[in-house]
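Structure first, commentary second.
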Amino acid sequence: KKMETIKNECIIIKSWECSNITLYLFNSNIAIIYMNDNENRFTLNKIKVLEEVIEIVENSSNIEALITTGSGKFYSNGIDLQYLSKIDINERQQFIERLNIILAKFLCLPILTVAAINGHCYAGGLMLALAHDFRVMRQDRGWICLPAVNIGLRLPTSFIELARIKIKNPQVLRDLVIVGKKWTPNEALSDGIVDKITSENLVVKDSIEMIQNAINGGTNRSIDVLRSLKNSLYVNISNKLIQDKDISNFHQFSAKL
């Protein structure tokens with residue numbers, strides 16, 4: 001089931017109309033972030049909403065997993081570059097720093113996370129998807145791409161390191177970062193960028209089943225243990241994301257727009 005049809009089985013925890021983001025709860029233990037703003041591009045306001053979502057999830061005693069998904073043909077097309085070009089230097093600095101921190105938070109959340117990729121997954125949207133534990137993608141629509149090289153944008157080192165830790169095949173990483181290749185869902189599966197492809201109506205449902213199978217595989221799962229394991233596994237990249245405050249590349253790029 002896609003998000004539009006599974007809503008009836010969820011309750012709304014909170015909705016942020018200004019950003020078209022809603023946080024749902026499924027089966028009392030799985031939180032679902034539904035991004036419903038066309039291309040779901042990131043602005044400072046959207047990052048602030050995601051920060052609030054993560055705080056709600058982290059402070060919940062019953063949530064064991066988190067799914068993110070989009071609407072229509074877009075999961076997320078990443079940073080809103082037009083927005084980035086219009087804001088002042090202080091807001092731009094704050095935006096990039098907080099984007100890095102939210103990626104680090106997703107990466108180290110002490111619960112299982114799945115990106116239910118319902119369509120195009122580009123640039124910063126791909127970074128968000130890679131910050132999840134698993135990725136399930138719609139099989140009949142959507143490209144995966146990191147287009148920075150083709151639009152003249154130098155990627156932050158932290159973004160490249162995040163891609164490196166999640167994509168182990170050096171040829172795939174090369175094509176992602178320095179070629180700007182676009183992957184179809186089938187290609188993304190064969191190259192290990194996503195874990196599963198499925199029909200449009202099953203993207204969210206299969207993400208839920210993936211989580212439930214993982215949760216049911218252990219009788220004594222602990223948030224504290226998972227937090228420790230993720231922190232150990234991702235400590236270097238998490239620190240790089242949090243400490244990366246160099247946005248000179250975004251200043252230079254924004255000046256061209």
Side-chain angles (χ1 to χ4, degrees), residues 1-3 6-7 9-14 21-35 40 49-70 75-76 101-118 121 125-138 144 162-163 165-168 185 188-189 192-198 202-238 241-242:
K1 300 173 183 177
K2 57 185 177 180
M3 194 61 222
I6 206 169
K7 285 179 184 177
E9 301 176 52
C10 300
I11 63 171
I12 295 176
I13 299 176
K14 187 169 181 178
I21 292 175
T22 303
L23 179 62
Y24 290 93
L25 184 66
F26 176 85
N27 197 35
S28 78
N29 69 333
I30 298 176
I32 303 175
I33 300 173
Y34 179 48
M35 303 177 289
N40 295 318
V49 169
L50 290 177
E51 289 172 345
E52 188 175 346
V53 169
I54 293 300
E55 184 177 0
I56 291 171
V57 170
E58 286 185 314
N59 290 333
S60 169
S61 60
N62 61 305
I63 293 176
E64 297 181 88
L66 175 67
I67 294 170
T68 61
T69 194
Y75 173 75
S76 172
I101 290 170
I102 203 69
L103 291 175
K105 282 185 173 291
F106 268 95
L107 189 66
C108 293
L109 267 178
I111 56 176
L112 295 177
T113 58
V114 181
I117 304 172
N118 56 289
C121 183
L126 176 57
M127 292 295 104
L128 177 62
L130 289 176
H132 290 64
D133 299 318
F134 305 98
R135 284 155 293 285
V136 176
M137 189 174 187
R138 175 179 173 178
I144 278 182
L162 175 56
I165 202 167
K166 289 302 184 91
I167 298 173
K168 296 303 184 182
L189 178 65
I193 301 174
V194 301
D195 300 285
K196 182 176 184 176
I197 58 174
T198 189
L202 295 176
V203 171
V204 175
K205 180 177 182 294
D206 284 1
S207 298
I208 290 170
E209 287 185 356
M210 182 177 286
I211 284 170
Q212 289 174 330
N213 289 337
I215 291 174
N216 294 337
T219 56
N220 194 27
R221 295 183 65 86
S222 162
I223 284 179
D224 289 337
V225 169
L226 192 54
R227 177 184 289 111
S228 175
L229 291 171
K230 282 193 176 185
N231 285 340
S232 297
L233 188 60
Y234 300 128
V235 60
N236 290 334
I237 178 56
S238 177
L241 283 163
I242 292 170

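Note that the coordinates shown come from a computational prediction; the quantities given were computed from them, not determined experimentally.
Distance check, rounded to the nearest 0.5 Å: OG1 of T68 to CG of L50 gives 9.0 Å. Summarising the geometry, atom CD belonging to E9 is positioned 9.5 Å from atom NZ belonging to K205; distances are rounded to the nearest 0.5 Å. Separating the OG atom in S238 from the CG atom in L162 is a distance of 10.0 Å, to the nearest 0.5 Å. Atoms CD1 and NZ, on I111 and K230 in that order, are 7.0 Å from each other to the nearest 0.5 Å.
Considering only heavy atoms from C-beta on, I30 comes within 4.5 Å of Q212 through its side chain. Considering only heavy atoms from C-beta on, I211 stays 4.5 Å or farther from F134 through its side chain. Contact of the N236 side chain with the I165 side chain is not registered, since no non-hydrogen atoms from C-beta on lie closer than 4.5 Å. The shortest distance between side-chain heavy atoms of I215 and N29 falls below 4.5 Å.
Ring geometry, Y34 versus Y24: the interplanar angle falls from 30° to 60°, so the pair is classed tilted.
Under the 3.5 Å distance criterion, the side-chain polar atoms of D195 are matched with a main-chain donor or acceptor of R135. In this structure, T113 contributes its side chain and L66 its backbone to no donor-acceptor pair below 3.5 Å. At distances below 3.5 Å, not a single donor-acceptor pair connects side-chain atoms of N118 with backbone N or O atoms of T69. Proximity of a side-chain donor or acceptor of S232 to a complementary backbone N or O of S228 within less than 3.5 Å is detected. Side-chain atoms of K166 come within 3.5 Å of backbone atoms of H132 as a donor-acceptor pair (strictly under, hydrogens ignored).
Surrounding CD of E55 are at most 12 heavy atoms belonging to other residues, nucleotides or ligands under 6.0 Å away.
In terms of heavy-atom proximity, I223 sits nearest to I63 at CD1-O, 4.3 Å.
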